[in-house]
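Shown next, in structure tokens, is the structure this report addresses.
Please read these numbers as outputs of a predicted model, since none were measured by experiment.
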Amino acid sequence: LGERMKELSCLYDVFRLTEHAERDLGEMLMAVARRLPASMRYPDACTAYVECDGQVYGNLVVGEELATDFSHADGQKSLRRVGVVYTVPLPEGSGETFLSEERAMLEAIATRLESVLAHREALAKARDDQALIQAVFDQAPDAIELAEPGTLRVLEANEASCRLLGYSREERLAQSIHDIQAEMTPEQLASVTQEILGSGRAQFETRHRRKDGKLIDVRVAVSVVRQS
């Protein structure tokens with residue numbers, strides 16, 4: 001019973017050590033490696049490691065070893081493995097070096113690490129994708145703005161839009177479409193907005209008012225962005 005409690009406690013601790021996606025990866029894997037020996041029958045004779053993409057966290061030494069591989073979410077072939085090693089012979093009469101319960105525990109830890117790393121990689125990819133989209137938006141030669149459909153408050157404006165209208169980005173984000181519309185009344189703009197929400201997109205010509213008061217003719221292309 002005592003051995004089973006050690007294994008369950010280890011699994012709990014591994015889940016706790018790996019639950020924060022923002023934690024440094026190397027620090028997290030090292031913490032897992034340091035936690036593993038105490039879960040084995042002979043912790044004083046045991047060391048552990050996690051090998052991930054060419055880096056080893058913990059102690060990978062020669063001895064009686066139990067290891068379990070875990071894979072990349074994207075199918076890459078670089079080695080990922082978690083293992084424990086007995087560095088000295090076990091006492092006489094110990095029987096099998098590693099118990100079936102210890103094997104099952106290591107497999108559960110490998111599955112947990114595989115899931116955690118897949119989640120971290122998905123988050124990193126999402127951040128990279130968002131950064132790319134933001135860069136395209138910011139550097140586009142055409143003026144682009146994102147507005148909230150109910151109030152027409154400006155949620156985002158790229159550099160070209162701010163330059164065209166003569167405002168800083170901070171000033172523009174404190175405004176709405178009403179503040180630059182020089183041709184339509186608020187009622188007309190609300191009607192056009194409802195039509196766009198119904199059709200999903202529209203193109204029309206209108207006039208905008210710059211910060212310096214100058215009126216400019218513009219051709220506007222609007223598309224509805226729907227979030228799940």
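Among E183, Q181, E187, the single residue meeting the side-chain contact (heavy atoms from CB on, under 4.5 Å) criterion with T185 is E187. For the side-chain contact (heavy atoms from CB on, under 4.5 Å) test with R35, the passing option among I109, L11, L17 is L17; the others fail. Each of L106, L99, T97 was evaluated against L66; a single residue qualifies, L106, per the side-chain contact (heavy atoms from CB on, under 4.5 Å) test.
Rounding to the nearest 0.5 angstrom, the gap separating the CG atom in L113 from the CG atom in D69 is 12.0 Å. Residue R207 holds its CZ atom at 10.5 Å from NZ of K214, rounded to the nearest 0.5 Å. If you take CD1 on I216 and CG on L164, they are separated by 4.0 Å, rounding to the nearest 0.5 Å. Atom CZ in R210 sits 7.5 Å away from atom CG in L165 (nearest 0.5 Å). Note: M5 CE to C10 SG = 12.5 Å, rounded to the nearest 0.5 Å. To the nearest 0.5 Å, the span separating CE on M30 from CG on D24 amounts to 10.5 Å.
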Under the side chain to side chain donor-acceptor pair (under 3.5 Å) criterion, do R127 and Q130 qualify, and how do the steps go? CA-CA 5 Å; R127 287 193 295 267; Q130 182 59 42; over 6 Å; no

Could you go step by step and tell me if K6 and E102 meet the side-chain contact (heavy atoms from CB on, under 4.5 Å) rule? CA-CA 10 Å; K6 287 201 299 183; E102 292 171 335; over 6 Å; no

Given the rule in the side-chain contact (heavy atoms from CB on, under 4.5 Å) test, do M28 and Y57 qualify, once you have shown the distances and angles that lead to the verdict? CA-CA 9 Å; M28 181 190 76; Y57 305 91; over 6 Å; no

Step by step, would you call E195 with F204 a side-chain contact (heavy atoms from CB on, under 4.5 Å)? CA-CA 12 Å; E195 291 177 7; F204 55 91; over 6 Å; no

Would R169 and E159 satisfy side-chain contact (heavy atoms from CB on, under 4.5 Å), going step by step from the backbone distance to the final call? CA-CA 7 Å; R169 179 174 177 275; E159 182 178 341; over 6 Å; no

Can you list the steps and then say if D13 with R16 is a salt bridge (charged side-chain N to carboxylate O under 4.0 Å, His left out)? CA-CA 5 Å; D13 286 345; R16 180 177 53 82; 3.5 Å; yes

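The main-chain N or O of R81 is never found under 3.5 Å from a side-chain atom of E51 such that the two would form a donor-acceptor pair. Remark: side-chain polar atoms of S39 are paired, donor with acceptor, to backbone N or O of L36 under 3.5 angstrom. Without hydrogens or angle criteria, R80 side chain to C52 main chain gives no donor-acceptor distance under 3.5 Å. Not a single donor-acceptor pair under 3.5 Å links the side chain of D138 to the backbone N or O of A135. Of the possible polar contacts, one joining the T87 side chain to the A45 backbone as a donor-acceptor pair under 3.5 Å is found.
Within the 4.5 Å cutoff, no side-chain heavy atoms of N158 are placed close to those of E156.
Heavy atoms only, all atoms of each residue included: P37 and A33 are closest at CD-O, 3.2 Å. Between C162 and R172, the shortest heavy-atom contact is SG-CB, 4.4 Å. When all heavy atoms of E171 and Q175 are compared, the pair lying nearest together is O-CG, 3.3 Å. When all heavy atoms of V220 and V222 are compared, the closest pair comes out as CG1-CG2, 3.5 Å. Smallest separation of non-hydrogen atoms from Y86 and R41: OH-N, 3.6 Å. Of all heavy-atom pairs spanning L197 and R226, the tightest one is O-NH2, 3.0 Å.
No more than 12 heavy-atom neighbours from other residues, nucleotides or ligands sit within 6.0 angstrom of CZ on R201. Summarising the local packing, NE2 of H178 is surrounded by more than 12 heavy atoms from other residues, nucleotides or ligands at distances under 6.0 Å. Atom CD of E92 has 12 or fewer heavy atoms from other residues, nucleotides or ligands within 6.0 Å. At most 12 heavy atoms of other shown residues, nucleotides or ligands fall within 6.0 angstrom of atom CZ in R34.
V82 and L60 fall into different hydrophobic clusters, where Ile, Leu, Val, Met, Phe, Trp and Tyr side chains are chained together by heavy-atom contacts under 4.5 Å. One hydrophobic cluster, built from ILVMFWY side chains closer than 4.5 Å, holds both I177 and V192. Taking hydrophobic clusters as Ile, Leu, Val, Met, Phe, Trp and Tyr residues chained together by side-chain heavy-atom distances below 4.5 Å, Y49 does not share a cluster with L79. F98 and V88 are not part of a single hydrophobic cluster, where members link through side-chain heavy atoms under 4.5 Å apart. In terms of hydrophobic clustering, with Ile, Leu, Val, Met, Phe, Trp and Tyr side chains grouped at heavy-atom distances under 4.5 Å, V56 and V61 are assigned to a common cluster.
For the side-chain hydrogen bond (donor to acceptor under 3.5 Å, both in side chains) test, no residue two or more places apart in sequence or in another chain qualifies with D142.
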